[in-house]
Q: 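Sharing a structure, written as structure tokens. Questions coming.
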2 protein chains.
Amino acid sequence: MTGRAHRDGASEWLRLDRQVCFPLYAATNLMQRLYRPLLAPLGLTYSQYLVLLVLWERGRTHVGELRDCLYLDAGTITPLLKRMEQGGLVTRRRDSKDERRVIIALTPHGTALREQAWRIPEALAARIGFDAAEGAQLHDVTTSLVERLQVLVKQ
Amino acid sequence: MTGRAHRDGASEWLRLDRQVCFPLYAATNLMQRLYRPLLAPLGLTYSQYLVLLVLWERGRTHVGELRDCLYLDAGTITPLLKRMEQGGLVTRRRDSKDERRVIIALTPHGTALREQAWRIPEALAARIGFDAAEGAQLHDVTTSLVERLQVLVKQ
DNA sequence: AGCGATATAGTTGCATGCGATATAATCAAG
DNA sequence: CTTGATTATATCGCATGCAACTATATCGCT
């Protein structure tokens, strides 16, 4: 492979508008910027909101389950849950059946937020103005990408 | 609207597997986890790599142009560029034509990294194993989302 | 020239997000 | 029963990412 071939390869592969991952990255940043003013009145960040989505469905879980559900690292989820405990959203206590585990459960305040939160995704969908087909396509493409990436990250 | 209707609405809108933004968020995190071990040998983070993509195309720019290209905030891009200057990747100097601006240019080291970087997107595409159609669909869907979100974030 | 408005970067404070490492509890093989 | 391996969280250091605010330079209007 010649130096010239390297440069030609670079021209193709290194163009910003050819990157698949960059619009994903940009969309995620912009999306969180749209969520922020909607979640701030509830005292929530986007990742805290995701934790609550899981808890509102399951009632209670443990740290590892949240980590797996949200595709996060242990070093991310533990401080996140401690901040949510400080904020009165969840409780953390060791599982008496297995003292390695920590059970995460909703406080009354965390439970009550559900009644205010359910309007947020609706409001956002309306604001973005997706029609059903576009929204479904985006959902399906990104969900299948997550499934594929998850396997690769685990090796 | 009754309390019962609220809860029914919540059941639909607040399910994690119905969220459009969550798989976007998860895919971005996983994707950066895949990039990290490829970029670490070059001493780069993902956002630093994106800055270099722009500079390899344009040669030199100023801070605001990078901020706009990458859809980042001023509070993100300035410290990022200072770290890249510390790392010997770029230079920062005031524009003599307009002292408000700061010109960002590549150092020889930053320029030379292009010869090692061009294999990264290729390697990643191969690793993820997208066929051309899937990759194109993902690119198009997320790119059009970015365009739409960009308008909303600017108000 | 003078001055208020605008544009461009920088600064501060806070919340992620992750790799590497540490700690404690449970499991498993003998 | 004991001891090494495994599992479940926690901790630490570093790099983002953003809102709010600040400082400086340029522009526009008179």
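Throughout, protein chains are lettered first and strands after them, A, B, ... in sequence-line order, and every chain is numbered starting at 1. Only this structure's heavy atoms are used, side chains among them; waters, hydrogens and symmetry mates stay out. Note that the structure is predicted; figures quoted are calculated from it, not measured.
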Q: On the 0 to 90° scale, with breaks at 30° and 60°, tag the A:Tyr35-A:Tyr49 ring pair as parallel, tilted or perpendicular.
A: tilted
Q: If only side-chain N and O atoms of A:Ser47 are considered, is one of them under 4.0 Å from the OP1 or OP2 phosphate oxygen of C:dG17?
A: yes
Q: Under 4.5 Å between side-chain heavy atoms, hopping through other hydrophobics if needed: is there a path connecting A:Leu38 to A:Leu50?
A: yes
Q: Out of C:dA9, D:dT16, C:dA15, which has the shortest distance to the side chain of B:Arg83?
A: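 Between C:dA9, D:dT16, C:dA15, the one nearest the side chain of B:Arg83 would be D:dT16.
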Q: With a 4.0 Å cut-off on heavy atoms, is A:Asp73 in touch with a base, just the backbone sugar-phosphate, or nothing at all?
A: base
Q: Go nucleotide by nucleotide along DNA chain C from the 5' end; which of B:Lys82 and B:Asn29 gets its closest nucleotide reached first?
A: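 Comparing both residues, the 5'-ward one is B:Lys82.
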Q: Which part of the nucleic acid, if any, lies within contact of B:Gly64, taking any heavy atom under 4.0 Å across all strands shown: a base, the sugar-phosphate backbone alone, or nothing?
A: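 Contact class for B:Gly64: sugar-phosphate only.
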Q: Is any side-chain nitrogen or oxygen of B:Gln32 closer than 4.0 Å to OP1 or OP2 of D:dA15?
A: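 Answer is no, no contact under 4.0 Å.
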Q: Should A:Tyr71 and A:Gln150 be marked as a side-chain contact (heavy atoms from CB on, under 4.5 Å) after you check the CA-CA gap, both sets of side-chain angles, and the distance that decides it?
A: CA-CA 8 Å; A:Tyr71 306 97; A:Gln150 186 192 9; 3.6 Å; yes
Q: Checking all strands, does B:Ile77 fall into the base, sugar-phosphate, or nothing category for heavy-atom contacts under 4.0 angstrom?
A: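 Nothing, no nucleic acid heavy atom in range.
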Q: Given the rule in the side-chain contact (heavy atoms from CB on, under 4.5 Å) test, do A:Leu113 and A:Leu44 qualify, once you have shown the distances and angles that lead to the verdict?
A: CA-CA 10 Å; A:Leu113 275 184; A:Leu44 297 175; 4.1 Å; yes
Q: Within the 4.0 Å heavy-atom criterion, would you say B:Arg33 contacts the bases, only the backbone, or no part of the nucleic acid?
A: sugar-phosphate
Q: Starting at the 5' end of DNA chain D, which residue's closest nucleotide do you reach first, A:Glu65 or B:Arg100?
A: A:Glu65
Q: With a 4.0 Å limit, can you tell me whether A:Thr78 has a side-chain N or O closer than that to the phosphate oxygens OP1/OP2 of D:dT9?
A: no
Q: Think B:His62 has a side-chain N or O under 4.0 angstrom from the OP1 or OP2 of C:dT8?
A: no
Q: Looking for any heavy atom pair under 4.0 Å, which part of the strands does B:Arg67 touch: base, sugar-phosphate only, or nothing?
A: nothing
Q: Could you say whether A:Arg94 or A:Pro37 is positioned toward the 5' end of DNA chain D, judged by the nucleotide with the nearest heavy atom to each?
A: A:Arg94
Q: Using a cut-off of 4.0 Å on non-hydrogen atoms, how would the nucleic acid contact of B:Tyr25 be classed: base, sugar-phosphate, or nothing?
A: sugar-phosphate
Q: Check every atom of D:dT16, D:dT9, D:dG17 against the side chain of B:Leu80 and return the nucleotide holding the closest atom.
A: D:dT16
Q: For A:His109 and A:Leu89, run side-chain contact (heavy atoms from CB on, under 4.5 Å): C-alpha distance rounded to whole Å, both residues' side-chain angles, the deciding distance at 0.1 Å, then the answer.
A: CA-CA 6 Å; A:His109 178 223; A:Leu89 296 165; 3.9 Å; yes
Q: Starting the side chain at C-beta, find the nucleotide from D:dT16, C:dA15, C:dG19 nearest to A:Gln48.
A: C:dA15
